[in-house]
Amino acid sequence: MLDIKLLREKADWVRERLATRHGGDDARVNEVLDLDERRRSALTEAEQLKAQRNSASKEIGALMGQKKIAEAEARKAEVRAIGDRITELDRLSAEAETQRDLIMAMIPNLPHASVALGRDAADNPEIRVHGAPREFAFKPLNHIELCERLRLIDFARGAKLSGSGFLLYTGWGARLERALINFLLDLHTHEHGYSEVAPPFIIGEHCMVGVGQFPKFRDQAYAVQEGLDASTLGKLYLLPTAEAPVANIHREELLAEAQLPIRYCAYSPCFRAEAGAAGVGTRGMIRVHQFDKVELIKVVSPETGYAELEAMVLNAEKVLQLLGLHYRVINLCTGDMGFASSKTYDIEVWAPGQGSFLEVSSCSNTEDFQARRMNLRYKTSAGENRFPHILNGSGTALARLFVALVETHQQADGSVAIPEPLRPYLKADCIPAGA
RNA sequence: GGAGAGGUGGCUGAGUGGUUUAAGGCGCACGCCUGGAAAGCGUGAGUGGGCUCAUACCCCACCGGGGGUUCGAAUCCCCCCCUCUCCGCCA
């Protein structure tokens, strides 16, 4: 949510900034300003009348105390008329406010000044590259072939259980997934200073609104209902990312400045309906309805927000470095950024079997956009209440990391070598070919 | 799911229709006092919104949330949420 005061005071500038991003050019700024004006004029009049009524009621109380019943009754009749007008004005201002906030909730965040202008993914500047694609002395297999040969994933039975887009990890595959989760959590908690949290996987609608998933992307979520009781539908959702519950941990709170910075990491499965994406790259494990992810969340002061973002990207990159993977970091241009973000870095890992980069992490500073939506504030030592910056980043997504790992470290004999840092977790230095 | 008890400021705890601008206490900040402290005394302190150049005044709202009754609601009525105790069910 943008600051309504910013819209009032710098409407033209806001419109300009919004126009640089995808979906930002149809933001209904004028409508918001009009509703805001209507709200305030009704509110101001209502408040004046309420002040009148309050003092009149006090007088009536005094008259009653003095047993001047007739006089009191006369005043009552007077005030009753004011009451009707107040009811009407309250209705008008509440209506305008609801409408205003409904539209405000659909307006995306403003891009940070350092973000490159652009239309889409083709305009994303590359920030840095680590390593190089591995050269193979044999013809490398893609992850689907590898998973089938090594029985890491049973694609057919996964689909049999839940439909296409759902994976059944088996044997070494299941163990590798679990090893990766533990490896990531340990790395971020022990080496990078995050505290681990384990959130609910089913979350309230307000959490989705708080991080900006709703109302815009409601059709991308799985809604749950209790049994066949349709009246419970729409209240709870399967989380699309741990960002949704974890960023909301301190919603509606007023933190002390000394509590910042807050750094959380959390493992969770992520559920995505991927509505409209059916048939696009649905084979294998690159785009699925459920995948595991370790998420990083920070709540920090605005002064440190962007330094914390840079640090977060490095924390995510460390994962790929330790696993011996080739990757690049890109900066999403204005036209390619997500709804709630002011600045986003994506990390893409090289997958030899695909011959392409796969997005395994997206690190964003949402500035005060999410904090405002969830009413999370902190009190400065000077006593001022401010909205903190809220950052989120994948550290990292698992399914695609799994793909890059097995495709990159496959051996000529059909086995998959396990990078040294991961060995203690898998309790093995390779996934054997004959498994 | 059933029965009961609760939800008031940073904490505690009064308040069942009108000097309550939410008593009192604890804690907090500042000041006085003191060689310094404690005690004591005094002052101050919440959140959001409106008006505004103003973070100055003034005004409105806020006692879990939302409706209602009333000239006036923390207080009365209705619905919902949460916490606790017991029962049922259950990993």
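Chain identifiers are assigned alphabetically (A, B, ...) following the order of the sequence lines, protein sequences preceding nucleic acid strands; residue numbering begins at 1 within each chain.
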Residues touching RNA chain B, which here means a heavy atom under 4.0 Å, drawn from residues 206-215 of chain A: none
Specify the separation, in whole Å, of atom [atom1] of [X] and atom [atom2] of [N].
| X | N | atom1 | atom2 | value |
| --- | --- | --- | --- | --- |
| Arg377(A) | G48(B) | CZ | C1' | 8 Å |
| Asn375(A) | C62(B) | CG | P | 18 Å |
| Lys50(A) | G48(B) | NZ | C1' | 14 Å |
| Gln52(A) | A61(B) | CD | P | 13 Å |
| Asp84(A) | U70(B) | CG | C1' | 13 Å |
| Ile82(A) | C71(B) | CD1 | C1' | 9 Å |
| Glu205(A) | C81(B) | CD | P | 15 Å |
| Asp101(A) | G49(B) | CG | C1' | 12 Å |

Give me the distance, rounded to whole Å, that separates [N] from [M] when you measure between the [atom1] atoms they each carry.
| N | M | atom1 | answer |
| --- | --- | --- | --- |
| A39(B) | C33(B) | C1' | 11 Å |
| U21(B) | A74(B) | P | 10 Å |
| G4(B) | C90(B) | C1' | 23 Å |
| C53(B) | G35(B) | C1' | 49 Å |
| G10(B) | A45(B) | C1' | 11 Å |
| A73(B) | C63(B) | P | 11 Å |
| A38(B) | C32(B) | C1' | 15 Å |
| C62(B) | A22(B) | P | 11 Å |

For a quick test of reading the model: is some side-chain N or O of Arg80(A) closer than 4.0 Å to OP1 or OP2 of C71(B)? yes
Is there a side-chain polar atom (N or O) of Asn54(A) under 4.0 Å from OP1 or OP2 of C60(B)? yes
I need the minimum non-hydrogen distance between [X] and [Y], along with the two atoms involved.
| X | Y | result |
| --- | --- | --- |
| Met208(A) | Ala244(A) | SD-CB, 4.2 Å |
| Val224(A) | Leu233(A) | O-CD1, 3.7 Å |
| Gly193(A) | Arg263(A) | O-CB, 3.9 Å |

Would you kindly say whether Ser364(A) and Thr344(A) are connected by a side-chain donor-acceptor distance under 3.5 Å? yes
Check: Glu145(A)/Gln410(A) side-chain N/O donor and acceptor closer than 3.5 Å: no
Could you tell me which residues satisfy side-chain hydrogen bond (donor to acceptor under 3.5 Å, both in side chains) with Asn30(A), sequence neighbours excluded, listed by chain and number? Arg15(A)
Ser341(A)/Asn109(A) under side-chain hydrogen bond (donor to acceptor under 3.5 Å, both in side chains): CA gap, chis, key distance, verdict: CA-CA 6 Å; Ser341(A) 179; Asn109(A) 201 357; over 6 Å; no
Which residues pass the side-chain contact (heavy atoms from CB on, under 4.5 Å) test with [X], sequence neighbours left out?
| X | result |
| --- | --- |
| Glu317(A) | Arg128(A), Val313(A), Leu314(A), Gln321(A), Tyr327(A), Val329(A), Ile347(A) |
| Leu322(A) | Phe183(A), Leu187(A), Lys318(A), Pro421(A) |
| Ala198(A) | none |
| His409(A) | Leu325(A), Leu405(A), Val416(A), Ala417(A), Pro419(A) |

Show me the protein contacts with nucleotides 15-23 of chain B, counting only N or O atoms at under 3.5 Å.
from	atom 1	to	atom 2	distance (Å)
G18(B)	N2	Ser57(A)	O	2.8

Restricting to nitrogen or oxygen on both sides, can you table the protein-nucleotides 50-55 of chain B pairs closer than 3.5 Å?
from	atom 1	to	atom 2	distance (Å)
G50(B)	OP1	Arg8(A)	NH2	2.9
G50(B)	OP1	Arg39(A)	NH1	3.4
G50(B)	O2'	Thr44(A)	OG1	3.0

Tell me which pairs pass ring pair (Phe, Tyr, Trp, His ring centres under 6.0 Å) where either residue lies in residues 228-249 of chain A, with sequence neighbours left out. Phe214(A)-Tyr237(A)
Should we count CD of Glu226(A) as having more than 12 external heavy atoms under 6.0 Å? no
Nearest-nucleotide comparison on RNA chain B, the residue closer to the 5′ end among Glu226(A) and Ala51(A): Glu226(A)
Assign each of Asn385(A) and Ala46(A) the nucleotide of RNA chain B bearing its closest heavy atom; nearer the 5' end lies the nucleotide of Asn385(A)
Ranges pairing with ranges for RNA chain B, where each run has three or more Watson-Crick or G-U pairs under 3.5 Å: B:1-7 with B:81-87, B:10-12 with B:24-26, B:28-32 with B:40-44, B:46-50 with B:58-62, B:64-68 with B:76-80
Yes or no on salt bridge (Lys or Arg N to Asp or Glu O under 4.0 Å) for Glu295(A) and Lys293(A), after CA distance, side-chain angles and deciding distance? CA-CA 6 Å; Glu295(A) 183 78 0; Lys293(A) 181 157 64 66; 2.6 Å; yes
Within the 4.0 Å heavy-atom criterion, would you say Lys235(A) contacts the bases, only the backbone, or no part of the nucleic acid? nothing
Mutual orientation of the aromatic rings belonging to Phe339(A) and Phe369(A) [parallel < 30°, tilted 30-60°, perpendicular > 60°]: perpendicular
Please work out which of the three classes, parallel, tilted or perpendicular, describes the rings of His192(A) and His188(A), given edges at 30° and 60°. tilted
Using a cut-off of under 3.5 Å, enumerate the N/O to N/O pairs linking the protein to nucleotides 75-80 of chain B.
none

Which residue is it: Arg40(A), Arg91(A), Arg39(A)? I am looking for the one with a salt bridge (Lys or Arg N to Asp or Glu O under 4.0 Å) to Glu97(A). Arg39(A)
Give me each pair satisfying salt bridge (charged side-chain N to carboxylate O under 4.0 Å, His left out) with a member in residues 176-204 of chain A, each pair once, sequence neighbours excluded. none
